[in-house]
Amino acid sequence: MRDLKHVGYYIILIVFILIFIPLLIIGGIGEGIKIPGVFNKFTIPIERVEREEPDKKDITIKMFDVKKGKIVDIELEEYVAGVIAAEMPVSFNIEALKAQAIAARTFVLANKIELGGGGCNKHQGADVCSDVHCQAWISKEDRLKLWDARLAVDNWNKIVEAVNSTKGIVITYNNQIARHIKYHSTSGGKTENSLYVFGYQEPYLVSVESPYEDEAPNYTTKVVMSKKEFINRIKTLNSAVKISEKGLATQVKILDWTEGGRVNRIKVGDKEFTGIDIRWAMGLKSAAFSIKIDTKNVTFTVKGYGHGVGMSQWGANEMGKRGKKYDEIIKHYYRGVELNSIEEVMKNK
Ligand SMILES: [Zn+2]
């Protein structure tokens with residue numbers, strides 16, 4: 001192979017000397033002169049390579065496009081590119097983008113009605129919707145407009161590279177496509193067992209360490225509110241709760257934590273709530289919170305962003321930056337899984 005490559009270089013060099021230099025000398029390279037093949041070889045490293053669309057896989061996804069308000073047919077790999085563009089910052093390490101591509105592809109194929117999936121339960125007849133309800137998706141056109149114009153094409157090409165270099169690869173467990181591939185922004189140090197969040201157990205959705213996330217913008221956040229506001233919000237969960245501002249600190253108690261270190265159950269007044277209930281009622285970024293109540297305010301200190309199940313995107317980025325490849329990232333966050341081609345999975349069906 002190496003020798004053949006060298007021969008190739010020599011041929012290019014000779015062609016360069018024979019054609020390109022004389023043309024330069026006579027000033028012949030202008031708009032009108034095209035040397036197909038040879039000329040392109042010289043321009044590739046200098047000019048930007050524009051890859052229009054990801055390679056096709058000939059699998060069509062029925063996506064409910066929330067912007068258009070209807071179901072549209074979209075080619076699988078094009079769909080995957082749109083999910084990466086919407087779900088992960090393009091500045092992330094390429095290995096994290098590849099892991100995201102595989103997670104997005106696995107999710108949509110597991111949901112595809114034609115393949116026995118349940119589809120999007122919000123929009124009948126659709127495999128997925130383009131909203132965060134399933135996986136956020138954005139069109140190439142819309143995405144390009146949102147980026148700095150000078151970087152837009154390079155950004156898109158980076159996404160296409162992540163899609164094409166993992167083309168057709170999906171996550172499997174026991175030779176079957178993994179049915180519940182979940183991911184989130186920032187775990188805060190430890191991911192969550194799916195049982196605590198979604199009420200079902202998957203062997204590959206267990207709690208794992210997710211180090212190096214400290215640089216994530218939502219690694220730690222604080223939410224401060226008055227005691228009155230706190231009580232009002234608790235009442236949106238249960239209007240019958242008996243609670244008063246006076247001595248509030250003694251009326252709030254975290255009862256236990258989940259495997260991933262999030263609040264599992266909490267007693268507020270005379271009622272019990274889940275950490276997830278409190279997360280939504282109080283507008284917290286995750287259920288990994290602690291509470292401090294002083295004479296005036298209730299302060300939540302929150303770790304991470306999202307439900308915490310499956311791959312942490314910020315954790316994946318940091319793993320990539322530390323030299324881990326996409327398969328190592330996937331196998332870290334989804335325990336006991338394998339990566340397989342779609343064709344391989346179909347054979348085992
Ligand atoms: Zn949906």
Side-chain angles (χ1 to χ4, degrees), residues 54 57 59-89 97 99-143 146 159 162-163 166 168-173 176-187 191-192 194-202 204-205 274 276-277 279-280 283 285-287 305-313 316 330 333-334 337 342 345:
K57 198 79 188 111
I59 294 177
T60 305
I61 302 300
K62 292 206 171 297
M63 178 184 78
F64 183 87
D65 187 330
V66 288
K67 198 178 160 193
K68 291 183 178 158
K70 61 172 186 180
I71 294 176
V72 296
D73 281 349
I74 177 167
E75 205 281 328
L76 171 66
E77 300 295 316
E78 192 191 333
Y79 168 78
V80 171
V83 174
I84 306 176
E87 289 276 6
M88 189 176 259
L97 293 172
Q100 180 68 60
I102 293 169
R105 187 181 294 116
T106 307
F107 178 90
V108 71
L109 288 178
N111 274 271
K112 193 168 162 54
I113 296 165
E114 231 177 64
L115 302 177
C120 166
N121 61 17
K122 246 180 161 177
H123 303 283
Q124 214 189 350
D127 298 318
V128 281
C129 65
S130 65
D131 186 47
V132 286
H133 172 255
C134 287
Q135 302 189 112
W137 178 92
I138 188 170
S139 70
K140 177 186 176 185
E141 193 194 359
D142 287 348
R143 181 70 263 196
L146 292 171
I159 289 172
V163 176
T166 62
I169 299 177
V170 290
I171 303 167
T172 60
Y173 190 84
Q176 300 289 321
I177 192 154
R179 300 223 72 87
H180 295 112
I181 286 304
K182 300 282 180 186
Y183 52 88
H184 59 278
S185 166
T186 312
S187 79
T191 69
E192 189 57 271
S194 60
L195 185 63
Y196 295 99
V197 181
F198 301 110
Y200 56 78
Q201 202 132 28
E202 276 288 11
Y204 50 87
L205 295 180
T274 66
I276 295 169
D277 286 341
R279 177 198 170 185
W280 293 118
K285 292 203 184 296
S286 88
Y305 188 11
H307 51 60
V309 179
M311 183 175 74
S312 155
Q313 293 172 314
I330 294 275
Y333 286 108
Y334 306 106
V337 300
I342 294 170
V345 180

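We count ligands from 1, going down the list as the structure has it; atoms in each ligand are counted the same way.
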Margin query: Rounded to the nearest 10°, what angle sits at the Zn ion (ligand 1) between SG of Cys134 and SG of Cys129?
Written below: 110°
Checklist line | Nearest to the Zn ion (ligand 1) - the N/O/S atom of His133, by atom name | finding: ND1
Next item on the list: Answer yes or no for His123: is there an N/O/S atom below the 2.8 Å cut-off from the Zn ion (ligand 1)?
Entry: no
Note to self: With a 6.0 Å cut-off on the ring centroids, do Tyr200 and His180 count as close?
What the structure shows: yes
Margin query: Taking OH in Tyr305 as the centre, count heavy atoms belonging to other residues, nucleotides or ligands within less than 6.0 Å. Is the count above 12?
Written below: no
Margin query: Parallel, tilted or perpendicular, judged at 30° and 60°: which one describes the rings of Tyr204 and Tyr334?
Written below: perpendicular
Note to self: Would Lys122 pass as a cation-pi partner of Phe64, given that its NZ or CZ must be under 6.0 Å from the six-membered ring centre and within 45 degrees of the axis?
What the structure shows: no
